Peer 1: 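This is the structure I have questions about; it appears just below.
Below, read A as the first sequence line, B as the second, and so on, with proteins coming before strands; counting in each chain starts at 1. Remember, predicted model here, so these are calculated numbers, not experimental data. Only this structure's heavy atoms are used, side chains among them; waters, hydrogens and symmetry mates stay out.
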Amino acid sequence: MKLAIDQYAHLSSPIHRWDARYKLIGLLTLIFAFAFVEDLRLVPVMLLVVVGLYWLSRLPLEFLTTRLQYPGIFILAMVGILPFLSGETVLWRMGFLTIRQEGSLALILVLSRFLAIFTTGLVLCGTGSFIRLVKAMRSLGLSRILTDMILLVYRYLTELSYQLTTMQHATQLRGFQPLKLNRRNLEIYAALAGSLLVRSYHQSQEVYQAMQLRGYGVTPGSAQAQSRVTLDTYSAIALLITLGVSIGLIGFEVLA
Amino acid sequence: MSEPILNELPKSAIADKTSAIAVGVQVSDLVFSYPHQGIILQNISFTLNLGERVALLGRTGSGKSTLMENLVGLKRPNSGEIQILGTTLGPETLFQVRQQIGFAFQDPNNQLFMPTILEDVIFGPCNYGVPEALAREQADQLLAGFSLSEVAHRSVHELSGGQKRLAALATVLALNPDILILDEPTNGLDPWWRRHLAEILIQLPVQILLIASHDLHWVSRVTQRALVLKQGQIQVDQPTIALLQDRPTLESCGLPPDY
Amino acid sequence: MSEPILNELPKSAIADKTSAIAVGVQVSDLVFSYPHQGIILQNISFTLNLGERVALLGRTGSGKSTLMENLVGLKRPNSGEIQILGTTLGPETLFQVRQQIGFAFQDPNNQLFMPTILEDVIFGPCNYGVPEALAREQADQLLAGFSLSEVAHRSVHELSGGQKRLAALATVLALNPDILILDEPTNGLDPWWRRHLAEILIQLPVQILLIASHDLHWVSRVTQRALVLKQGQIQVDQPTIALLQDRPTLESCGLPPDY
Amino acid sequence: MHISEGLLSAKVCLAGYGITGLITWYSLRKISHSSDPTAGVPKAALLTAAFFVASSIRVPVPPASIHMVLNGLLGAVLDIYAFPAVLVGLLFQAVMFGHGGLSTLGINAVIMGIPALIAAQVFQWHQSLGRHLNRTLSLNLFGFLAGVIGIGLSCLLFLGITILTIPSGFDAATEQTAIRGLTLVHIPLVIVEGIFTSMVVSFLYRVKPELLISSPSSHETSH
Ligand SMILES: Nc1ncnc2c1ncn2[C@@H]1O[C@H](COP(=O)(O)OP(=O)(O)OP(=O)(O)O)[C@@H](O)[C@H]1O
Ligand SMILES: Nc1ncnc2c1ncn2[C@@H]1O[C@H](COP(=O)(O)OP(=O)(O)OP(=O)(O)O)[C@@H](O)[C@H]1O
Ligand SMILES: [Mg+2]
Ligand SMILES: [Mg+2]
């Protein structure tokens with residue numbers, strides 16, 4: 001399990017240059033504006049915005065396509081049957097296969113929204129280091145408890161999945177080869193899960209101690225917590241543009 | 001310092017099993033790199049013959065653990081081939097080959113995942129069909145041999161660092177492997193245990209023993225041949241004692257023998 | 001074997017801070033047991049004076065780590081008192097006392113909790129109000145000194161065993177502690193690093209250095225006084241070199257000096 | 001069992017965020033009123049990570065393999081941190097693997113988190129209702145129930161929300177057949193999850209009882 005969401009954080013592009021706090025507000029608003037889209041006439045606009053955004057971010061196309069695979073299959077499995085089952089107006093019929101208009105349109109809408117939101121999320125997370133993004137959340141007022149948790153989870157998700165893999169390797173090296181579901185096999189999996197929990201609990205105690213030994217949780221408002229509030233004109237303009245597009249999309253949806 | 005004890009291997013134990021094959025482990029042109037990173041092992045080739053006890057030395061980060069994990073099939077080389085007791089390591093042969101290998105990880109925590117130490121020791125034998133009662137009996141003996149009887153019913157988290165190491169070694173020895181691969185087995189052990197472990201290993205009827213270690217003196221008592229990894233290659237392949245006396249070579253490999 | 005380098009401490013560094021107090025750490029009648037288990041430490045009393053570099057020896061499971069964790073307030077003794085630089089350790093004084101102590105755990109995994117090694121090193125200084133830019137600069141230097149610059153932006157599980165150890169030591173040294181307590185710092189390090197670490201520690205301007213180790217030769221180069229834990233008590237308190245030459249005592253403590 | 005981006009209308013997404021925001025706010029308020037708010041952070045974070053990693057264990061059920069959800073147990077172990085934990089865990093699943101999504105984070109947290117809280121409550125009954133049973137039996141039983149309720153309720157919420165809000169209606173009959181069919185398919189999975197949860201509970205009870213909050217062992221020693 002490689003979490004390299006920010007493997008392209010080092011690139012330089014107009015989006016990379018965008019301050020993480022402004023970017024967070026801007027792109028999240030955009031995501032919601034996309035979620036609002038119900039009118040099919042907005043779909044091309046939405047896709048155009050996203051293509052532009054991704055192009056600006058200079059992220060390689062391969063980054064998008066590889067990450068799109070799993071959730072893409074998933075959503076297709078969820079809505080792929082819509083054209084065949086949903087709606088009255090038959091577009092096309094061959095044997096027992098019927099393609100219906102309402103379902104097809106719904107499919108197009110859902111898929112485009114999915115694509116737009118997914119890509120925007122990827123641009124948000126992929127164009128800067130993840131840690132920076134979390135710090136931006138904190139300086140925007142997200143609870144310190146949550147952001148500290150996010151940072152630690154970020155660190156330990158890879159670590160623990162690595163530990164799990166290694167423990168599973170250790171079971172294999174000692175001849176564990178489960179081919180069927182029985183009580184003992186299930187119990188061994190439960191032991192793996194349990195070990196992981198206990199191990200991480202134990203580790204969390206020592207981690208907390210190690211953090212305390214290095215001054216955690218006592219100096220509120222230390223240098224780390226406050227980041228300088230500078231007015232970054234470039235980022236502010238980028239934010240205004242994004243907000244403008246978002247409001248435009250939502251406004252059209254509400255008025256039309 | 002006492003002489004390393006050569007030729008004390010119970011040869012009979014070896015002969016009766018695989019007398020036809022002389023080569024135990026053969027590695028040819030092995031190349032390995034971690035994703036998105038430079039090459040760690042480049043074109044490694046070597047052979048371990050039956051009956052050999054070999055040390056794998058090298059600086060921190062030189063790739064010892066990585067090489068060992070390749071040998072037991074936990075990592076897949078970019079290219080190259082590994083043969084274990086005549087079988088080429090590959091997805092289909094993995095399960096079969098692993099039955100003959102015992103491997104102890106550098107970090108003992110990874111090896112101990114059952115609720116108690118005792119259950120951890122019988123885990124392997126039970127997988128290979130040893131009846132539980134028998135496995136338990138053998139485990140009791142093994143744990144007693146490692147002074148762990150008292151903590152046999154504790155979970156890993158309640159052991160000291162050295163006790164964890166011993167428990168991890170016990171789980172591997174419980175399988176009576178033909179080929180034993182140990183990654184820094186003395187790490188965290190006190191001097192008494194280092195001595196005792198050396199004695200145990202010297203008497204163990206395994207066909208091949210491969211040990212990664214930073215403890216040159218200790219490893220020279222247990223092994224007869226030493227491989228040194230440097231810059232992704234095996235740069236030295238000598239008898240261990242000869243290497244230990246060859247100060248310039250050692251220094252050039254970053255292994256000052258006084259430390 | 002080179003002579004342990006005595007009296008090389010930069011005394012000035014010590015004198016200007018706490019010239020009034022001669023006693024650095026004082027432990028009186030400390031008793032400790034884990035819940036539901038026998039007593040691990042019974043009636044331990046000792047004093048570490050400013051300027052001393054002390055080894056803590058003992059068999060696997062003798063309670064070295066437990067004692068150290070008591071000293072830094074990570075475990076609470078059943079009874080007894082611990083004074084650090086004149087302050088009695090207790091819930092209220094804990095935070096203040098800890099600012100002066102650096103402690104490296106036996107298992108480096110627990111010490112490295114930030115997403116990258118670099119973040120880990122600046123974590124402590126930033127908490128104590130060092131501006132991030134400055135902390136980063138110092139961290140870069142420190143990491144370069146430990147040959148970790150290349151891996152500074154990696155996460156811990158992508159390091160080798162020895163690299164983890166070095167990174168953990170770097171996070172502690174980044175705090176410039178007055179009292180430095182290290183639990184088996186050479187564990188997993190190669191001989192070159194063991195030598196280099198000894199040099200670093202000898203030159204470090206700390207007031208008290210306490211090291212638990214199984215590496216008798218190494219520890220005799222870094223410390224001048226040795227305490228040996230046995231059966232829950234400190235049974236030996238001698239100059240380290242004298243102890244190292246006193247084979248019968250060592251053997252009786254389960255520490256054969258050849259291993 | 002996550003709702004993907006784009007599937008739901010913005011209103012449902014926002015409603016999800018609303019409910020999630022409320023419960024999170026309430027949890028955080030309780031946490032910061034506890035004696036040492038930072039003390040629980042590493043524990044909650046590491047266990048969150050562990051739960052999400054553990055839920056990736058693939059258990060072979062020939063010819064395929066399934067994985068557990070473990071949200072019932074998560075609720076029981078993490079207590080007031082449970083809901084923030086679910087939220088953070090889902091954030092990572094969305095960002096790192098594309099399970100779920102940023103716009104549906106709120107609604108997904110509702111789907112996973114509320115059943116976790118209910119299951120946690122049910123699990124705690126092992127101390128009151130299960131008092132008369134043998135300790136292991138009661139732990140196993142309520143562990144099983146917690147597992148079943150956690151995943152069962154999540155499934156129902158998930159199916160309900162997707163089928164009711166997917167744009168462009170099916171006719172009612174199709175909808176009902178679909179719900180019934182999907183529910184039937186899930187029943188064996190729910191039972192396996194329950195058994196697995198009770199096994200993990202007994203593992204924890206043997207190895208680290210304090211992980212099961214107000215654990216039976218502390219109960220025992222107090223008598
Ligand atoms: N999971 C990983 N991802 C990327 N790089 C890794 C990973 N694990 C190890 N490395 C790198 O590979 C190199 C070899 O690591 P390895 O653990 O094999 O060294 P080693 O010889 O066993 O060292 P040590 O004596 O310290 O245990 C190191 O430079 C390390 O940083
Ligand atoms: N969490 C725990 N619960 C119960 N017993 C424990 C726990 N941790 C350690 N012990 C026991 O306490 C004793 C002392 O352990 P400790 O870790 O202090 O030993 P040590 O001297 O550091 O050993 P090593 O050299 O192996 O690290 C051991 O017998 C160990 O089994
Ligand atoms: Mg290694
Ligand atoms: Mg210890």
Peer 1: What is the minimum heavy-atom distance between Gly6(D) and Arg113(A), and which atoms define it?
Peer 2: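 Between these two residues, the closest heavy atoms are O-NH2, 2.8 Å.
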Peer 1: Considering all heavy atoms of both residues, which atom of Leu204(D) and which atom of Gly194(A) are nearest to each other, and what is their separation?
Peer 2: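 Shortest heavy-atom separation between Leu204(D) and Gly194(A) comes out as CD2-O, 4.1 Å.
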Peer 1: Look at Cys125(A), Ala35(A), Ser143(A), Ala190(A) and state which one has the largest set of heavy-atom pairs under 4.5 Å with chain D.
Peer 2: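 Result: the option with the highest number of such pairs is Ala190(A).
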Peer 1: Any chance you could lay out the side chain to side chain contact (heavy atoms under 4.5 Å, CB included) test for Ser56(D) and Leu164(A), step after step, and finish with the verdict?
Peer 2: CA-CA 10 Å; Ser56(D) 75; Leu164(A) 175 66; 4.1 Å; yes
Peer 1: Could you have a look at Leu192(A), Leu124(A), Leu152(A), Leu107(A) and say which one has the most heavy-atom pairs with chain D under 4.5 angstrom?
Peer 2: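 Top count of heavy-atom pairs under 4.5 Å with chain D: Leu152(A).
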Peer 1: Measure from the ring center of His99(D) to the ring center of Tyr70(A) and say whether it is less than 6.0 Å.
Peer 2: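 Yes; Tyr70(A) has its ring centre under 6.0 Å from that of His99(D).
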Peer 1: Which atom names give the shortest non-hydrogen contact between Ser161(A) and Val53(D), and what distance separates them?
Peer 2: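 Shortest heavy-atom separation between Ser161(A) and Val53(D) comes out as CA-CG1, 3.6 Å.
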Peer 1: Which pair of heavy atoms, one from Pro71(A) and one from Gly98(D), lies closest together, and at what distance?
Peer 2: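 Reported closest heavy-atom pair: CB-O, 3.3 Å.
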Peer 1: Do the ring planes of Phe130(A) and Phe92(D) sit parallel (below 30°), tilted (30 to 60°) or perpendicular (above 60°)?
Peer 2: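 Plane angle between 30° and 60°, so tilted.
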Peer 1: Can you check whether Phe32(A) and Tyr17(D) have ring centres sitting under 6.0 Å from each other?
Peer 2: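 Yes, the ring of Phe32(A) comes within the 6.0 Å limit of the ring of Tyr17(D), centre to centre.
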Peer 1: Show your working on side chain to side chain contact (heavy atoms under 4.5 Å, CB included) between Glu187(A) and Phe203(D) and close with a plain yes or no.
Peer 2: CA-CA 9 Å; Glu187(A) 240 162 22; Phe203(D) 181 97; over 6 Å; no
Peer 1: If you take all heavy atoms of Met199(D) and Arg183(A), which pair is closest and at what distance?
Peer 2: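 Of all heavy-atom pairs spanning Met199(D) and Arg183(A), the closest is CE-O, 3.9 Å.
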